[in-house]
Amino acid sequence: MSDQIPDIFLSPYDSEANEKDVYALWEKSGYFNPDTCVEKGVTDADAETFSVVLPPPNVTGVLHIGHAYEDSLQDAFVRYHRMNGKKTLWVPGTDSAAIATQARVEKNIRKEENKTRHDLGREELVRRVSEFAKNSEDTILSQVRRVGASLDWSRYAYTLDEKRTLAVSTAFKRMYDAGLIYRGNRIVNWDPKGQTTISDDEVVHEERKGVLYTFKYSSDFPIAISTTRPETKVGDVAVAVHPDDTRYQEFIGKEYDLTFCDVPLHITVVADDGVDMEFGTGALGVTPAHSHIDWEIAEKNDLPRPQVINEYAKMMVSGRLENLKVDAAREAVVTWLKEENLLEKEEEVDQNISTSERTGAVIEPLPKLQWWVAVNKPFTIEHSEIPGIASGSEATLVEVMRASVESESVSMPQERFRKTYFHWIDNLRDWCISRQIWFGHRIPVWYKGDEIHCGVTTPEGEGWTQEEDVLDTWFSSALWTFSTLGWPEETADLKTFHPTAFMSPAYEILPLWVSRMILMSAFHLGQVPFKTVMIHGLVRDKSGRKFSKSLNNGIDPIEMIEKYGADALRMGLLVGTAIGNDLRFDESKVKGYKHFANKLWNITRFILTNIEEVPQKPDTLGAEDQEILDNLQTMVREVSGDIDKFQLYLAAEKAYHYVWHELADKILEESKPILNGEDTDAKNARQYVLYECLTTSLKILHPFMPFVTETIWQHLPEKDSEMLMVAKWPG
RNA sequence: GGGCGAUUAGCUCAGUUGGUAGAGCAGUUCGUUUACACCGAAAAGGUCGGGGGUUCAAGUCCCUCAUCGCCCACCA
């Protein structure tokens with residue numbers, strides 16, 4: 001019956017020729033949308049739900065191999081659950097990534113027009129950045145489709161769109177009203193190059209050589225101090241010593257007036273047990289405005305906190321240091337110390353320098369008026385579904401974050417990430433949420449004289465000016481699981497799909513994002529954002545290095561898809577990678593799975609060529625036929641079990657192994673004599689069995705290799721579902 | 001400084017509660033060209049980073065050392 005084989009099977013599988021059509025077919029069917037699945041009867045109206053929100057890629061760039069991995073992983077789960085009859089929703093979206101995007105556009109403007117953002121003005125810059133974001137968005141979304149992600153595009157969200165902006169303002173206002181958001185002066189990480197505050201998480205520590213100088217402020221001051229930043233000493237107000245340090249007991253409480261490098265100082269000697277007696281001279285010069293620990297010591301002892309370095313990293317004092325950059329000021333101070341014969345010791349030390357992840361600039365700690373989220377301040381939680389946190393009780397954000405994971409309301413199957421999470425929570429400090437840039441969610445606060453108004457819209461009346469700062473991009477990302485479902489409106493989606501089923505981010509954003517989603521969801525909904533967090537590793541290059549622009553070691557997933565097909569890329573990334581471990585990208589592996597797609601293609605061709613007509617189930621089956629079907633069932637059970645346990649890498653490998661080395665190598669070979677033989681009953685029975693093996697294999701492989709399996713499915717003579725994507729999972 | 005990992009065949013990685021070491025790729029030999037050369041068959045390849053311990057039994061549990069990596073951190 002080979003003349004009835006669809007022509008398409010006569011040449012090798014061509015991924016390029018089929019993938020786009022198949023994706024268009026899926027999109028047209030509407031089955032990515034769970035509501036359509038219910039309408040068309042493929043999903044029961046009261047079916048269990050399975051919902052996932054896509055970790056939104058930044059609109060800055062193009063799809064990289066890490067996205068491709070993450071998307072393949074989620075898509076496999078989503079497709080599996082959809083085929084299992086669950087009401088399945090996967091919500092797509094993109095992130096404005098405020099700082100990164102604005103920085104990128106500013107750089108382009110500087111290069112092409114030699115202008116700064118101040119030349120353009122706030123409105124024009126925001127317009128330009130939005131325009132750039134829109135273009136990038138189109139690129140990245142079409143690339144997400146190429147991977148085969150079965151996302152419900154009708155629910156697409158962007159962190160800066162109207163609905164999400166409302167969610168952000170509402171969230172801010174509610175937390176402000178609850179007293180959890182406050183404005184306060186604190187030492188922040190100031191990036192003098194980017195002219196903005198950056199969060200602790202955006203600071204990278206670099207090991208560098210520095211010089212530790214030991215000296216006295218003046219010849220009549222009794223205690224020598226050590227520092228690597230002598231220029232900051234013009235801002236000193238105290239010398240702190242350990243309360244038990246016998247060397248300095250007699251000085252504690254004494255005050256001194258002196259002149260240091262042309263600057264008059266008033267120094268009080270205070271005791272603080274945070275001081276390390278072993279380090280340097282055991283005495284710490286306290287510079288409140290330019291060091292975190294010093295700020296706290298000054299606060300405790302009620303000391304002034306004069307600022308001596310400005311936003312451009314220049315000195316703010318008069319005298320010989322006036323207007324010098326910090327580096328120059330440092331040299332000037334050292335020269336002065338030498339002249340005055342005050343310098344006792346210079347030693348080279350290793351030190352950690354804080355630098356900006358984004359601009360590479362050395363961070364200047366500065367006191368600034370910023371907006372903060374208080375993580376250790378109690379608030380009344382009106383409604384709580386989190387075990388251990390009763391509705392109406394008092395709790396802190398740290399407590400609800402802890403309870404969510406401790407109770408396994410959020411399960412983290414990988415023990416080591418639970419440890420990391422708790423370690424992070426235990427050391428959590430208030431979260432600085434204001435950023436001095438223009439692109440992003442502008443803080444919903446207005447000022448008029450001494451009046452302050454927080455709300456979702458501009459207040460009535462004349463004379464109100466809005467806060468200039470925008471929010472940390474993670475503030476809006478943290479609302480993602482519910483802002484995408486329509487919150488603050490009480491939508492049907494929110495009721496049906498929240499908490500979401502699972503989230504699969506890379507481990508590098510566990511603290512930045514995962515914990516903050518738990519925080520926001522607990523505060524605003526009294527729920528966890530997701531039931532399971534399956535943290536995955538990073539895709540690295542062949543030598544184990546992270547992909548980066550400077551190394552130019554990037555792998556373009558689209559290029560891989562064009563060369564080997566999306567299915568091959570997905571398998572290459574998923575098989576043999578225990579979730580949570582890093583993987584080194586191996587092109588030869590991808591190539592191997594391209595061959596596998598073709599193998600499946602040829603298996604189909606063989607089986608279709610050898611069946612007379614649509615095979616019916618025979619009344620009885622011989623022992624061998626029965627055994628084949630039994631083994632098939634065993635494989636199905638194992639694959640399903642592995643997916644349920646989040647062991648995709650095992651499931652995919654088992655399915656692969658079965659199809660190639662069991663179905664093709666053994667079953668087909670052993671079937672040849674039967675199919676060519678004279679025994680009609682045996683022949684019919686075997687035809688039926690092979691067709692079963694084929695359709696079941698296609699279903700089992702579909703979550704991993706959606707394109708080739710759906711392409712084959714569309715050309716099968718008989719099937720139990722119009723589309724493989726919504727066919728019933730076997731077993 | 002604190003925390004978390006990794007180390008298994010030439011390469012990339014699996015190995016679920018301790019029970020005779022697995023896969024893919026590469027390499028070797030042979031075969032087949034009427035499902036598939038994007039193929040098949042067979043063989044080869046590892047003292048599971050080093051050392052110590054628990055156990056009838058350890059890649060798996062414990063201790064220790066080494067190398068590599070990641071995250072966190074206000075030692076001036």
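Here is how names work: the chains are called A, B, and so on, in the same order as the sequence lines, proteins then strands, and each is numbered from 1.
Using a 4.0 Å heavy-atom criterion, one finds that A:A664 contacts the bases of the nucleic acid, with or without backbone contacts as well. As judged by a 4.0 angstrom heavy-atom cut-off over every strand, A:Y507 is placed among residues touching the sugar-phosphate backbone only. Within 4.0 Å (heavy atoms only), A:L583 reaches sugar-phosphate atoms of the nucleic acid but no base atom. A:K672 comes within 4.0 angstrom of a nucleotide base, judged by non-hydrogen atoms across all strands. Nucleic acid contact class of A:E669 (heavy atoms, under 4.0 Å, all strands): base. Using a 4.0 Å heavy-atom distance criterion, A:D582 is classed as making no nucleic acid contact. Note on A:I225: nothing from the nucleic acid sits closer than 4.0 angstrom, heavy atoms only. Residue A:D665 is in sugar-phosphate contact alone, with no base atom involved, counting any heavy-atom pair closer than 4.0 Å across all strands shown. As judged by a 4.0 angstrom heavy-atom cut-off over every strand, A:D276 is placed among the base-contacting residues.
Put simply, the side chain of A:T695 gets close to the backbone of A:E692: a donor and an acceptor are under 3.5 Å apart. In this structure, the side chain of A:Y69 does not engage the main chain of A:G537 through any donor-acceptor pair within 3.5 Å. Side chain of A:S515 to main chain of A:L510: a donor-acceptor pair is present (N/O by atom type, distance under 3.5 Å, no hydrogens or angles). At distances below 3.5 Å, not a single donor-acceptor pair connects side-chain atoms of A:R516 with backbone N or O atoms of A:A478.
Residues A:E70 and A:H536 have side chains that bring a donor and an acceptor to within less than 3.5 angstrom of each other. Between the side chains of A:Y564 and A:E587, a donor-acceptor pair is found at a separation under 3.5 Å.
In terms of phosphate contacts, A:R429 brings no side-chain nitrogen or oxygen within less than 4.0 Å of OP1 or OP2 of B:rA73. An OP1 or OP2 oxygen of B:rA14 is reached within less than 4.0 angstrom by a side-chain nitrogen or oxygen of A:N581. At the phosphate of B:rA76, neither OP1 nor OP2 sits under 4.0 Å from any side-chain N or O atom of A:K233. Close to B:rG15, at under 4.0 Å from its OP1 or OP2, lies a side-chain N or O of A:Y649. Phosphate contact (OP1/OP2 of B:rU12, side-chain N/O of A:R584, threshold under 4.0 Å): present.
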Under the 3.5 Å Watson-Crick or G-U criterion, the dot-bracket string of RNA chain B, with | for inter-strand pairs: (((((((..((((.....[..))))..(((((....).))))......(((((..]....))))))))))))....

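In the displayed structure, A:N676 atom CG is contacted under 6.0 Å by more than 12 heavy atoms of other residues, nucleotides or ligands.
Among the nucleotides B:rG15, B:rG40, B:rC74, the one closest to the side chain of A:K599 is B:rG40.
With rounding to whole Å, A:L538 atom CG is found 12 Å from B:rG5 atom C1'. Atom CD1 in A:I579 sits roughly 15 Å away from atom C1' in B:rC13 (whole-Å rounding). The separation between A:E670 atom CD and B:rG40 atom C1' is 14 Å, rounded to whole Å. The interatomic distance linking A:K594 (NZ) with B:rC39 (P) rounds to 11 Å, in whole Å.
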Distances for protein N or O near nucleotides 18-25 of chain B N or O, under 3.5 Å:
residue	atom	partner	partner atom	Å
B:rA23	O2'	A:E653	OE2	3.4
B:rG24	OP1	A:H661	NE2	3.2

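B:rA6 and B:rU20 are spaced 23 Å apart, taking the P atom of each and rounding to whole Å. The same atom, C1', is picked in B:rC36 and in B:rA41; the two are 16 Å apart, to the nearest Å. Taking atom P in both B:rC70 and B:rA26, one finds a spacing of 31 Å when rounded to whole Å. B:rU28 and B:rU8 have their C1' atoms separated by 23 Å, with the value rounded to a whole Å.
Aromatic ring centroids of A:Y656 and A:Y593 lie under 6.0 Å apart.
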From CA spacing to verdict: salt bridge (charged side-chain N to carboxylate O under 4.0 Å, His left out), A:R305, A:D294: CA-CA 9 Å; A:R305 294 158 234 172; A:D294 295 7; over 6 Å; no

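Figure legend: cation-pi geometry between A:R186 and A:W295 absent, as NZ or CZ is not positioned both under 6.0 Å from the six-membered ring centre and within 45° of its axis.
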Under 3.5 Å, which donor-acceptor pairs do the side chains of residues 234-244 of chain A form with other protein atoms, sequence neighbours left out?
residue	atom	partner	partner atom	Å
A:D236	OD1	A:T287	OG1	2.5
A:D236	OD2	A:Y217	OH	2.4
A:D236	OD2	A:K233	NZ	3.3
A:H242	ND1	A:D244	N	3.1

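Nearest-nucleotide assignment on RNA chain B puts the 5′-proximal partner with A:H423, out of A:F279 and A:H423.
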